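Any value given below was found using the heavy atoms of this structure, including those in side chains, with hydrogens, waters and symmetry copies removed. Residue numbers start from 1 in every chain, and the chains themselves are labelled A, B, ... in the order their sequence lines are given, proteins ahead of strands. If you're wondering where the values come from, they're calculated on a predicted model, not measured in any experiment.
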2 protein chains.
Amino acid sequence: MSKTQTPQTNSAADATRMALVMAALQLFGRQGFDGTSTREIAAQANANIGSIAYHFGGKEGLRLAAADYIVETIRTIVAQAFGGAAQIQRVTSEQAEAQIDATVERMVGFMVARPEAGEIVQFVLRELSTPTDALDRIYTGVFEPVHRRLCQLWAAATGEEAESEKTRISVFMMIGQVVYFRIARAAVMRRMDWADIGPAEAAKVIGVAKENVAAIIAARKAGKK
Amino acid sequence: MSKTQTPQTNSAADATRMALVMAALQLFGRQGFDGTSTREIAAQANANIGSIAYHFGGKEGLRLAAADYIVETIRTIVAQAFGGAAQIQRVTSEQAEAQIDATVERMVGFMVARPEAGEIVQFVLRELSTPTDALDRIYTGVFEPVHRRLCQLWAAATGEEAESEKTRISVFMMIGQVVYFRIARAAVMRRMDWADIGPAEAAKVIGVAKENVAAIIAARKAGKK
DNA sequence: GTCTATAAACAGATAGAC
DNA sequence: GTCTATCTGTTTATAGAC
């Protein structure tokens, strides 16, 4: 680690930087980029308005820094989820399905358990609806590698081709059925009569999701014969 | 039809109202509520800034009017989709599954074919992420009735209870796996190498979605025995 | 009903003291 | 590096002419 990145060097300046990034992530996620003023961010970070321009060049720079933070955070989680295994490894269909199940569980778990998850998901959702350079970093750093990895697992589980159109679509659907519970949170809670989507509710979601995945994989395997 | 609602009475004033609502829907959807100025809306509607305050009381009133327009639009589509049938009717498991398939097809088709669909979905997504009074109208007018209707069909197809927790979750997942393609549009297009999500791409999505639904329903029916 | 002019508040960026 | 004061532009809302 040379001077290109300085993770913990200057505690004073870096503390300010970090506080600003965290505040920005939270507020951008909650109120949107346009709905958040730099004054608001500075206030929440216990910094002053000028520090944003100093550290990040401006409001736009803060958005990119928030995106980088998200990539870093998810990467850490994903790395331990996949056990730091290399891209390809020989697994049986059952092992692959178990790993997919574990991933589904982890995805729901992350969205529920992690305190920052709400803001991160909202931030990404907003970027998806109006892509900026920040989405580019998140796509390249998170979306692409995770989706690709799941496609490999899916292929191992079903016997289909990993990079085929059908597999890629299937994996998107598997992700979609789960993250929808966070996206449409407000509607889900109301229709389900849930006061919150906490661990108890997450467990129910995971249960149904696993059942669905198992049914789909079984059908695909049967179709392959 | 009494004077409570005046759909086509005053062509001059109503044309302005309608133009403002359409412009607001489009711009709120694309750029968000905070990201859109009333000047921008007025300009696109070929009206002047003052007319917003006059007709809707202010920017917030326009948001509610846009929500009402969405409810009206979707209601029309849904009505013809379900054939104006009453709440409950005796259908076989196969008929129910066929109706679910048709609904999935219609949902994807709507999101792709309708020119306003993009803005409507985006508008609703933004409301979901930061609920206001507008979401309340959309939930009550669209979300709730449609989800409830699908639950009935799901119950008829699988033999499960219509208002059980599992059924409600399953229906949300069915919706989620499909609408995710619109929500994560930017990421999907990039990963799928699609220049657009048009009719051709929609057909592929529909194909996989139907397969998934069929597999899940079959597994549920088998589990019931 | 429509449109213009203006008010009052607030935005992001910056220059300069410390 | 931090913080304050200020500049410039833009926001919504409104009052009043037509």
Side-chain angles (χ1 to χ4, degrees), chain A residues 3 5-67 123 126 130 132-134, chain B residues 3 5-67 123 126 130 132-134:
Chain A
K3 70 182 99 162
Q5 201 97 22
T6 331
Q8 216 85 344
T9 301
N10 187 345
S11 42
D14 273 1
T16 305
R17 282 181 62 95
M18 194 60 175
L20 282 170
V21 170
M22 294 303 291
L25 179 62
Q26 207 168 98
L27 292 169
F28 288 163
R30 279 210 254 265
Q31 314 167 349
F33 186 77
D34 294 310
T36 306
S37 69
T38 52
R39 288 173 163 79
E40 215 174 342
I41 297 166
Q44 181 161 323
N46 272 106
N48 60 78
I49 321 104
S51 62
I52 291 174
Y54 180 80
H55 286 293
F56 304 99
K59 197 186 182 185
E60 203 64 46
L62 239 185
R63 160 146 66 183
L64 292 177
F123 184 98
R126 287 180 198 279
T130 338
T132 69
D133 287 345
Chain B
K3 70 183 97 163
Q5 201 95 23
T6 331
Q8 216 84 345
T9 301
N10 188 344
S11 45
D14 273 2
T16 305
R17 282 181 63 94
M18 194 59 174
L20 283 170
V21 169
M22 294 303 292
L25 178 62
Q26 206 168 98
L27 292 168
F28 288 163
R30 280 211 253 266
Q31 315 166 347
F33 186 78
D34 294 310
T36 306
S37 69
T38 51
R39 286 175 165 75
E40 217 174 339
I41 297 167
Q44 181 162 325
N46 273 105
N48 61 78
I49 321 103
S51 62
I52 292 173
Y54 179 80
H55 287 293
F56 304 99
K59 196 184 182 185
E60 203 63 48
L62 239 185
R63 160 145 64 183
L64 292 176
F123 184 99
R126 288 182 198 277
T130 338
T132 69
D133 287 344

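Between the CD atom of B:E60 and the P atom of D:dT11 there is a distance of 17 Å, rounded to whole Å. Put simply, CD1 on B:I41 is 10 Å from P on D:dA13, counting in whole angstrom units. D:dT6 atom P lies 13 Å from atom CZ of A:R39, rounded to whole Å. B:E40 has its CD atom 12 Å from the P atom of D:dT10, to the nearest Å.
The one candidate from B:T38, B:L25, B:I52 that meets the side chain to side chain contact (heavy atoms under 4.5 Å, CB included) condition with B:L62 is B:I52.
Closest approach of B:I41 to B:A24, counting heavy atoms only: CG2-N, 4.0 Å. For the residue pair B:A42 and B:N48, the shortest heavy atom distance occurs at CB-C, 3.6 Å.
The shortest side-chain heavy-atom distance between A:R126 and B:T130 falls under the 4.5 Å cut-off. Side-chain contact between B:Q44 and B:L27: present, with at least one pair of heavy atoms (C-beta onward) separated by less than 4.5 Å. Counting heavy atoms from C-beta outward, A:L20 and A:R17 have side chains that stay 4.5 Å or more apart.
No side-chain N or O of A:T36 forms a donor-acceptor pair with one of A:R63 less than 3.5 Å apart.
For residues 15-62 of chain B, every residue pair satisfying the ring pair (Phe, Tyr, Trp, His ring centres under 6.0 Å) rule, not counting sequence neighbours, is listed here: B:F28-B:F33.
For the strand DNA chain D, secondary-structure stems (runs of at least three Watson-Crick or G-U pairs, all distances below 3.5 Å) span C:1-10 with D:9-18, C:12-18 with D:1-7.
For residues 17-32 of chain A, proximity to DNA chain C is found at no residue, defined as any non-hydrogen atom under 4.0 angstrom from a strand atom. Residues of residues 43-59 of chain A that place a heavy atom closer than 4.0 Å to DNA chain C, in numerical order, are A:A53, A:G58, A:K59.
Checking the phosphate oxygens (OP1, OP2) of D:dG1, no side-chain nitrogen or oxygen of A:T16 falls inside 4.0 Å. Between C:dC10 and A:S37, no contact under 4.0 Å exists linking OP1 or OP2 to a side-chain N or O.
With sequence neighbours excluded, no residue satisfies salt bridge (Lys or Arg N to Asp or Glu O under 4.0 Å) with A:R39. Partners of B:F123 according to the ring-ring contact (aromatic ring centres under 6.0 Å, His included) rule, which considers only residues two or more places apart in sequence or in another chain, do not exist here.
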